[in-house]
Amino acid sequence: MRIAKPFLIVTTPIGLAIGLYEGWRLAGGLVVIMVAMISLVGAAMLGVVLTVRREKRADDAARAAAARRGEP
């Protein structure tokens, strides 16, 4: 995992850019639709990540408050 995560973080945008370039060469303006779809999927993923992080912060705060009150 120590090697895989950075490798994927670097190669995914590079592969995406190469794929969009090749799509432009083959289909021209239809790449605009592909960029729109990739943007929507990216926005959805970002929304999920932000929601999970917000809920984790709220859960951690609730646990800390319960610990201060002496509840299990």
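Computed from a predicted model, the values in this text were never measured in an experiment.
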| field | Single-linkage hydrophobic cluster, 4.5 Å side-chain cutoff, L20 and L26 together | value | no
| said: Is there a continuous path of hydrophobic side-chain contacts, each under 4.5 Å between heavy atoms, that joins M45 to V52? | reply: no
| Residues clustered with Y21, ILVMFWY side-chain links under 4.5 angstrom | none
Which donor-acceptor pairs under 3.5 Å do the side chains of residues 54-67 make with protein atoms, sequence neighbours left out?
unit_1, atom_1, unit_2, atom_2, d
K56, NZ, D60, OD2, 3.2
D59, OD2, R63, NE, 3.2

Please report, to 0.1 Å, the donor-acceptor pairs under 3.5 Å made by any side chain of residues 27-36, with sequence neighbours excluded.
none

| What pairs of residues pass the salt bridge (charged side-chain N to carboxylate O under 4.0 Å, His left out) test when at least one of them lies in residues 21-45, not counting sequence neighbours? | E22-R25
| remark: Besides L46, the hydrophobic cluster formed by Ile, Leu, Val, Met, Phe, Trp and Tyr side chains linked at under 4.5 Å, directly or via other members, contains L50
| Remaining members of hydrophobic cluster (4.5 Å side-chain criterion), I18 | V10, I14
